[in-house]
Amino acid sequence: MSQDFTIHFGFRQLQLLKGDITKMAVDAIVNAANSALAGGGGVDGAIHRAGGPAIMRELDQIRAQIGRCETGSAVATGAGDLPARYVFHAVGPIYRDGTHGEPEQLESCYLTCLRLAGERGVESISFPSISTGVYGYPIEAAARIAVKTVANWLAGDAGALKTIKLVQFSDADHQVYRRQAQELRGEFAAGSAS
Ligand code: APR
């Protein structure tokens, strides 16, 4: 079975794929960060390891200016040694039971990054599965929000953006994302899958 799943929106596309986000040559890579912007494990640790100290130096400056980054928001830095121009550090919600604003905060992470991308003329962006690791967001629900939010963006006025990649680190997560995308496909008026 193919590892990739693509939904086309005219000349734009949404790709679901399994892999290591630090290896992806795109204009912008999204990090699943924390509100202290302090680095951590998971994809955050992988991005800082692969990107080198320049990213944390920039985050130090941002922290000095704004303190913390609110849940549901994101800040932009350069990408250091990563094969990208920018890293958008998004702060996903810590999952409690889903009734404490988690869905809206998760959606807001994706939307904030898409706006940051628009402001910078980004053509390609890769997202990890925000909040579904240490932060405990159930993967099915998180995948549905991720797919829905970015697909709606691509179906609208997405500016320079041409490609959005949703990147899963495990086969199991990848299958969940594919299932959610297949279920949602009928809702994307402009989308056609391949
Ligand atoms: N490439 C792509 N995905 C990855 C990679 C990688 N190299 N490494 C981990 N992942 C996946 C995990 O498998 C998980 O599905 O990223 C997803 C998000 O998991 P976490 O990194 O744990 O992020 P999150 O749940 O949002 O928790 C954020 O964890 O590392 C800390 O500083 C971070 O405090 C913050 C918290």
Side-chain angles (χ1 to χ4, degrees), residues 1-8 13-35 38-52 55 71-72 74 79-84 86-98 102-103 105-114 117 124-154 163-185 188 191 193-194:
M1 184 177 49
S2 150
Q3 279 295 336
D4 294 0
F5 181 93
T6 303
I7 304 177
H8 300 274
Q13 49 179 296
L14 164 58
Q15 297 175 358
L16 311 184
L17 64 159
K18 198 197 114 181
D20 179 350
I21 203 166
T22 66
K23 303 274 197 295
M24 285 175 191
V26 281
D27 288 342
I29 289 175
V30 175
N31 184 15
N34 52 63
S35 57
V43 70
D44 199 0
I47 283 174
H48 282 285
R49 271 195 304 280
I55 298 176
T71 301
D81 301 329
L82 292 167
Y86 304 105
V87 176
F88 300 152
H89 305 264
V91 182
I94 299 172
Y95 190 82
R96 290 164 71 184
D97 58 7
E102 297 97 323
Q105 288 170 333
L106 188 60
E107 179 188 43
S108 171
C109 280
Y110 287 92
L111 289 174
T112 306
C113 291
L114 291 167
S124 55
I125 183 168
S126 289
F127 286 89
S129 183
I130 299 170
S131 279
T132 65
V134 173
Y135 281 179
Y137 210 115
I139 184 81
E140 286 83 6
R144 200 171 180 86
I145 290 169
V147 171
K148 211 172 184 167
T149 306
V150 304
N152 281 334
W153 188 271
L154 286 178
T163 306
I164 299 179
K165 297 175 194 278
L166 296 180
V167 181
Q168 298 85 49
F169 206 44
S170 71
D171 273 325
D173 286 357
H174 181 62
Q175 294 313 323
V176 171
Y177 268 75
R178 286 177 79 111
R179 267 200 310 278
Q180 294 298 333
Q182 269 155 350
E183 277 179 31
L184 286 166
R185 215 166 66 197
F188 308 142
S194 66

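Not measured: the values here are computed from a predicted model.
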*Could you tell me whether the side chain of I55 reaches within less than 4.5 Å of the side chain of L82, counting heavy atoms only?*
yes

*Nearest heavy-atom neighbours spanning V30 and A90*: CG1-CB, 4.1 Å

*Check the pair I47, T22 against side chain to side chain contact (heavy atoms under 4.5 Å, CB included), reporting the backbone distance first and the verdict last.*
CA-CA 6 Å; I47 283 174; T22 66; 3.9 Å; yes

_By the definition side chain to side chain contact (heavy atoms under 4.5 Å, CB included), identify the one residue from C109, P138, P93 that meets it with S131._
P93

*Are R179 and Q175 side-chain neighbours, meaning at least one heavy-atom pair lies under 4.5 Å?*
yes

_Rounded distance [0.5 Å steps], NE2 in H89 versus SG in C113_ = 10.0 Å

*Hey, mind stepping through F169 and D20 against side chain to side chain contact (heavy atoms under 4.5 Å, CB included) and telling me if it holds?*
CA-CA 6 Å; F169 206 44; D20 179 350; 4.2 Å; yes

*Can you check whether G92's main-chain N or O pairs, donor with acceptor, with Q105's side chain at less than 3.5 Å?*
no

*Working to the nearest 0.5 Å, report the span between CG of L166 and CD of Q180.*
12.0 Å

*Closest approach of F88 and A28, non-hydrogen atoms and distance?*
CE1-CB, 3.7 Å

*How many angstroms lie between OH in Y177 and CG in L16, if you round to the nearest 0.5 Å?*
8.5 Å

*Under a 4.5 Å cut-off applied to non-hydrogen side-chain atoms, are L111 and W153 in contact?*
yes

*List the atom of A32, the atom of D44, and the distance in Å for their closest heavy-atom pair.*
O-CB, 3.6 Å

*Going from CG on L154 to OG1 on T149, what distance comes out if it is rounded to the nearest 0.5 angstrom?*
11.0 Å

*Using a 4.5 Å cut-off on heavy atoms from C-beta on, say whether the side chain of I164 contacts that of L114.*
yes

*Of all the heavy-atom pairs spanning A142 and Y137, show the shortest one and how long it is.*
CB-CD2, 3.7 Å

*Determine, step by step, whether E102 and D97 satisfy the side chain to side chain contact (heavy atoms under 4.5 Å, CB included) criterion, reporting the C-alpha distance in whole Å, the side-chain angles of both residues, the deciding distance to 0.1 Å, and the verdict.*
CA-CA 8 Å; E102 297 97 323; D97 58 7; 4.0 Å; yes

*Just do the side chain to side chain contact (heavy atoms under 4.5 Å, CB included) check on V150 and I125 with the steps written out, would you?*
CA-CA 11 Å; V150 304; I125 183 168; over 6 Å; no

_E183 and V147, any side-chain heavy atoms less than 4.5 Å apart_ = no

*Just how far is it from atom CD of E107 to atom NZ of K148, taken to the nearest 0.5 Å?*
9.0 Å

*Where is the tightest heavy-atom contact between S129 and I139, given as atom of each residue plus distance?*
OG-CD1, 3.6 Å

_Heavy-atom closest pair, residues I7 and A181_ = CD1-CB, 4.3 Å

*Going from OG on S124 to CG on D27, what distance comes out if it is rounded to the nearest 0.5 angstrom?*
4.0 Å

